[in-house]
Amino acid sequence: MGGFPGDEEASAAKAPGKTSLFRYNSPLVQVCLIGLVCFCCPGMFNALTGLGGGGQVDDTVANNANTALYTTFAIFGILGGGIYNIFGPKITLAMGCSTYVLYAGSFLYYNHHKDQTFAIIAGALLGVGAGLLWAGQGAIMTSYPTRGRKGSYIALFWTIFNLGGVIGGLIPFILNYHRETSETVNDQTYITFMCFMTAGAIISLAILNPDRVVRDDGTRCTNMKYSNVKKEAIEIFKLFRNWKLRLIIPAAWASNFFYTYQFNNVNVSRVEERESLVYWMIGALADNSEILSRYVGFYKGVQSAGAAVAWQVDRVKVPMMNQLIVNWVLTSVSYPLLALLVYLAVKDDDGKPAAEADTASGIPAPDSNKDGYKELAKPTPSMESNVS
């Protein structure tokens, strides 16, 4: 099954016509759209989680639900890049967004029935959906812009996305302002979150396939043949042999590990400097959407494995000081390895695509077969006329 329907030769060629920043098929508009999707779905999820215990007085149900969530997220984060390459952004993102609605609904159910089974199942399903959503998001954010604009577009995405947490944080404050006792948030809070998440699923259908997105320099975002299950399975396996990605593992593990300590014990605003630095590094390692979807999926998978462990650490009531020390150690180890990655693998822009000489495992490939794909022939004059 092809993930990116369209004409492969047209994808390899430069696209004709206008290259305005604000056209629908521009990287700017597409990154803004994926920002809005994440504003509505994971942004509101962060606001819900940031309440502490998912808005419940007893945080046991939230801890168990989030453990299930990040366990499946660890698996489907790694698989998500391959799934994105097979089905494309619309289906992948829409499936992912729908699970956020179910998760918020499970806490609405718990408000009335006090049975955590639904919340745990919904958490596990959200882990599957989040793996799909973030693999697609990472591919779009890092591969759609030109190399010179990746940093700016990453910053733009995180700005829009984190506004979801800000606006989402106002929802329970406004809807529960007049309540005088410490208790669970009201039904209207969960229903409002569900409405935002549903809107995110609808907006995801507006995301274009990478072969239809035209960068500011006139190139398209992919020039590879369609993917399939066997090819993606092989390429995902290769990720574990990639020395560049192995250097990212400590930072990936640490990047969500601190959330449990912060949300359930400190309950203050989050910081994003590290889920941004790593994304910029990943974006600097390649330009192609298929490759970057796998790289981001690997990062999110390791990140989620760390988060799954962290939620259980909090559930068994490990002292807060011990949690703080572990978070600092993970952070202290990750930065020198990221600096080494920048020194060895991130090169100044010389006009060539970042991944032209590398396979997904970081090993140079023959000129005729790079990253497991047979490259397309360079566009001929007749091919140029076909896309005019």
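Bear in mind the structure is a predicted one, so any value in this text is a computation, not a measurement.
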- Those residues at least two apart in sequence (or on a different chain) that pass ring pair (Phe, Tyr, Trp, His ring centres under 6.0 Å) with F76 are none
- Item | Contacts of type ring pair (Phe, Tyr, Trp, His ring centres under 6.0 Å), residue F173, not counting sequence neighbours |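 With neighbours one apart ignored, the set is Y177.
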Residues in side-chain hydrogen bond (donor to acceptor under 3.5 Å, both in side chains) with [X], at least two apart?
X: T189; answer: N176, N186
X: H113; answer: none
X: T67; answer: Q312

In Å and rounded to the nearest 0.5 Å, what is the [atom1] to [atom2] distance from [X] to [Y]?
X: Y100; Y: T198; atom1: OH; atom2: OG1; result: 13.5 Å
X: I282; Y: S143; atom1: CD1; atom2: OG; result: 12.5 Å
X: C40; Y: M197; atom1: SG; atom2: CE; result: 9.5 Å
X: N242; Y: F298; atom1: CG; atom2: CZ; result: 8.0 Å

- Note on the structure: Here the side chain to side chain donor-acceptor pair (under 3.5 Å) pairs for residues 117-131, sequence neighbours left out, are D115-T117
- Task: Please state whether the rings of Y103 and F107 are parallel, tilted or perpendicular, taking 30° and 60° as the class boundaries.
- Result: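 Judged by the thresholds at 30° and 60°, the geometry between Y103 and F107 is perpendicular.
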- So if you build clusters from Ile, Leu, Val, Met, Phe, Trp, Tyr with side-chain heavy-atom gaps below 4.5 Å, do V329 and L324 land together?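 Shared cluster, yes.
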Going by the rule side-chain contact (heavy atoms from CB on, under 4.5 Å), which residues pair with [X] if we only count those two or more places apart in sequence or in a different chain?
X: L102; result: F118, A122, L125
X: I78; result: I236, F240
X: L132; result: I83, T92, M95
X: A201; result: C97

Side-chain donor-acceptor distances from residues 28-37 under 3.5 Å, at least two apart:
from : atom 1 : to   : atom 2 : distance (Å)
Q30  : OE1    : L208 : N      : 2.8
Q30  : NE2    : Y24  : O      : 2.8

I need the minimum non-hydrogen distance between [X] and [Y], along with the two atoms involved.
X: A47; Y: G168; result: CB-C, 3.4 Å
X: Y153; Y: P145; result: CD2-CG, 3.3 Å
X: S332; Y: P336; result: O-CD, 3.0 Å

- Message: So if I apply the side-chain contact (heavy atoms from CB on, under 4.5 Å) rule between Y84 and each of I91, I140, L93, which one comes out positive?
- Response: I140
- Item | Other cluster members, I120 - Ile/Leu/Val/Met/Phe/Trp/Tyr, side-chain contacts below 4.5 Å |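 Direct or chained contacts put I120 with none.
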